[in-house]
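Per chain, numbering begins at 1; letters A, B, ... match sequence-line order.
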2 protein chains.
Amino acid sequence: MHDPSDPPCHAAGLGAAIKLDYKRIRMNLSEGPSMKATYREVKADILSKITKGHWAPGSLIPNEVELAESYGCARATVNRAMRELADDGLIERRRKAGTRVRSSPVRQARFDIPLVRREIEDKGAEYRYSLASRSIEGAPDWLRARLQLEAGAEALHLVCMHYADGDPFQHEDRWINLGALPQAADADFTQTGPNEWLVATIPFSTAEISFSATLADRALAEYLACDTGAPLFTVERATWFEGDANTFVRLTYRPGHRMTTRY
Amino acid sequence: MHDPSDPPCHAAGLGAAIKLDYKRIRMNLSEGPSMKATYREVKADILSKITKGHWAPGSLIPNEVELAESYGCARATVNRAMRELADDGLIERRRKAGTRVRSSPVRQARFDIPLVRREIEDKGAEYRYSLASRSIEGAPDWLRARLQLEAGAEALHLVCMHYADGDPFQHEDRWINLGALPQAADADFTQTGPNEWLVATIPFSTAEISFSATLADRALAEYLACDTGAPLFTVERATWFEGDANTFVRLTYRPGHRMTTRY
DNA sequence: CAGTGGTCTAGACCACTGA
DNA sequence: CAGTGGTCTAGACCACTGT
């Protein structure tokens, strides 16, 4: 994930394809300090020792000073390689105890959370947006619970649709906390979606996101032009900015949608 | 994601809560080089400048040398702070062009992909495993396509169930490529699941993972003790080791399952 | 070609933590 | 208390890339 050669959208580069400098092709990193190694080469070499089983899961790796000597580089260089491997979940480091190969590597995947517009345009399809309904309501109990809002909090409730080449792609059911974002009441959501407005207004926030499967009820089926009872992939997201909840959204995708990544 | 103070399982620490050294409490990082700053302090300070709007999205940030002077630290220290912010998707760096605040930050979330056993035991429930069926079959066409297997490839097909406190939790439909893992044919999957065997056998591999929603058919409904037609959250994963596909699995969760994270 | 980030170094001190 | 990783430095050279 640090490696600039990783594809930008995916993660945890196990296959750290390093750009090979042909001057270095002949060197055998496992042997002597024939040439100084870069941190990427060190990282790649250690990685291969792990994946090829030379260093078994759970076993202790030489310490940084020793590795630096054997690779013929500075300790800081080894340190960076090891730190990234630790971030990638492949090794475990503890002071005094040393560094070990993880017995069962942490499996983690990183997902991009794109704006719908980009998601659609990246497919090469034409994006279209439409606002289905807009109202200001007292926040219902489930929403107040979810966002930790006070009793009596008011929210802007929007229902929108996103289309790809004219076909329904995603249904958006959004609540904006007017206590934190009163200016949302004056925003015009008929031309662009609330997501784009929010990104422009509060670009940096923390979020809680969850994925699940839901059944198409009558209304959703009509919006998404699918059968009632279809299984739909759903994303819910709540975001906060400086402690205040500002929005909750439920995004429901058309049938068959998948979210994919590599790691 | 680099910050050791982040919770271990989640990601992209926007709220980089740094452990405050009380000796430093009085210093104002935005002012002079009254005291040397650590990379975490630099990172936190830059982050706050961004989130609080002092540095607008799209705007240019001072270069490393200038920042190092204003924070009273070495350029390498600023570099590490900035590199991590770039990894977190908050800023964009280009040689010669300098560093800019991302106009719309890259939203990405990191998910842990736990073993089912851990997932269940972490809930405080008792884990139970059961093998429902086992057979060696020619790989069906869809599987050969998905894993890029040759015609005539043989696969071990396993169907398993995972229970939490006796209730069905997850249905596992797994195919193991016997071309790459012939020893799987001799493994005993009656006591422990194929996942644990695979982790022990080929701990490091690359994977493609995808999430979707599927409908419970008759068989799934019986396995999961739910109604036919229930919407089920599904994870599919294919893994490769050194270019050879070794397994494909479809994991279907009991109704109502959610996968959640923060970022 | 010049400005910016990318990386490396040799050495230093610090912080944790296992024995 | 001693060994290991965590971080910082001051300086250097390199690799891109905008102008």
Side-chain angles (χ1 to χ4, degrees), chain A residues 1-6 16 18-24 29 33 35-44 46 59-87 90-102, chain B residues 1-6 16 18-24 27 29 33 35-46 59-87 90-102:
Chain A
M1 65 202 84
H2 307 258
D3 191 332
S5 69
D6 280 351
I18 64 173
K19 199 194 296 178
L20 284 177
D21 179 341
Y22 69 88
K23 284 180 299 187
R24 292 173 177 277
L29 282 166
M35 187 184 281
K36 289 180 178 179
T38 67
Y39 86 91
R40 290 190 193 203
E41 290 165 337
V42 173
K43 183 178 177 183
I46 293 177
S59 67
L60 200 60
I61 287 179
N63 70 31
E64 295 190 348
V65 176
E66 290 169 357
L67 287 173
E69 281 169 10
S70 75
Y71 288 116
C73 64
R75 181 167 77 100
T77 303
V78 172
N79 181 272
R80 176 155 181 200
M82 303 276 273
R83 180 156 35 82
E84 296 197 355
L85 286 168
D87 281 347
L90 287 158
I91 60 179
E92 219 171 359
R93 322 195 72 196
R94 268 151 62 211
R95 288 168 167 156
K96 165 78 180 178
T99 301
R100 295 180 173 278
V101 180
R102 279 199 191 254
Chain B
M1 66 200 81
H2 307 260
D3 190 330
S5 68
D6 280 351
I18 63 173
K19 200 193 297 177
L20 285 177
D21 181 339
Y22 70 89
K23 284 179 302 185
R24 293 172 178 277
M27 71 182 292
L29 282 168
M35 187 184 281
K36 289 179 176 179
T38 68
Y39 88 91
R40 288 186 194 210
E41 288 164 339
V42 173
K43 183 179 177 183
D45 189 63
I46 293 176
S59 67
L60 200 59
I61 287 180
N63 68 33
E64 295 189 348
V65 176
E66 290 169 357
L67 286 173
E69 281 169 11
S70 74
Y71 287 117
C73 65
R75 181 168 77 98
T77 303
V78 172
N79 180 271
R80 176 153 180 200
M82 303 275 274
R83 180 156 35 83
E84 295 199 355
L85 287 168
D87 281 346
L90 288 156
I91 60 178
E92 220 171 358
R93 322 195 72 196
R94 265 152 62 211
R95 287 167 171 160
K96 165 78 180 177
T99 301
R100 294 179 175 279
V101 181
R102 284 201 116 106

Specify the separation, in whole Å, of atom CD of E92(A) and atom P of dG18(C). 12 Å
Can we say R102(B) and E92(B) salt-bridge, meaning some charged N sits less than 4.0 Å from an Asp/Glu carboxylate O? yes
Hey, what are the protein-to-nucleotides 9-12 of chain D N/O distances that come in under 3.5 Å?
| from | atom 1 | to | atom 2 | distance (Å) |
| --- | --- | --- | --- | --- |
| dT9(D) | OP2 | A74(B) | N | 2.8 |
| dT9(D) | OP2 | T77(B) | OG1 | 2.4 |
| dA12(D) | N6 | R75(B) | NH2 | 3.0 |

Do any side-chain nitrogens or oxygens of R40(A) fall under 4.0 Å of OP1 or OP2 in dG6(C)? no
Are the side chain of E69(B) and the backbone of E66(B) linked by a donor-acceptor contact shorter than 3.5 Å? no
Using nucleotides 2-4 of chain D, report all nitrogen or oxygen pairs with the protein that are shorter than 3.5 Å.
| from | atom 1 | to | atom 2 | distance (Å) |
| --- | --- | --- | --- | --- |
| dG3(D) | N2 | K96(A) | N | 3.4 |
| dT4(D) | OP2 | N63(A) | ND2 | 3.4 |
| dT4(D) | O4' | K96(A) | N | 3.4 |
| dT4(D) | O2 | K96(A) | N | 3.3 |

Smallest heavy-atom separation, P62(B) atom then M82(B) atom, equals O-CE, 4.4 Å
One should read off an interatomic distance between I46(B) CD1 and I91(B) CD1, to the nearest 0.5 angstrom, of 6.5 Å
Give the rounded distance in Å between these two atoms: CE of M82(B) and C1' of dC8(D). 18 Å
Out of curiosity, R80(B) CZ to R40(B) CZ, how far, rounded to the nearest 0.5 Å? 7.5 Å
Taking only the side-chain nitrogens and oxygens of N79(A), find out if one of them lies under 4.0 Å from OP1 or OP2 of dT7(D). no
In short, T99(A) meets L60(A) closest at the heavy-atom pair O-CD1, 3.4 Å
What is the distance from atom CD of E64(B) to atom OG1 of T77(B), rounded to the nearest 0.5 Å? 10.5 Å
Which nucleotide in the set dT7(D), dC8(D), dT7(C) lies at the smallest distance from any side-chain heavy atom of T38(B)? dC8(D)
Find the distance between CG (N79(A)) and CZ (R93(A)) and round it off to the nearest 0.5 Å. 5.5 Å
E84(B) CD to dG5(C) P, straight-line distance once rounded to whole Å: 17 Å
R80(B) CZ to dG5(C) P, in whole Å, measures 18 Å
Measure across C73(A) and V42(A) and return the closest heavy-atom pair with its distance rounded to 0.1 Å. SG-CG2, 4.3 Å
What is the distance, to the nearest angstrom, from the NZ atom on K43(B) to the P atom on dG6(D)? 15 Å
Please give, in whole Å, the distance from dG5(D) C1' to L85(A) CG? 15 Å
Any chance you could encode DNA chain C as dot-bracket? Rule is Watson-Crick or G-U wobble with both distances under 3.5 Å; [ ] for pairs crossing earlier ones, | for another strand. ||||||||||||||||||.
When you check the phosphate oxygens OP1 and OP2 of dG5(C), does a side-chain N or O of R83(B) lie under 4.0 Å from one of them? no
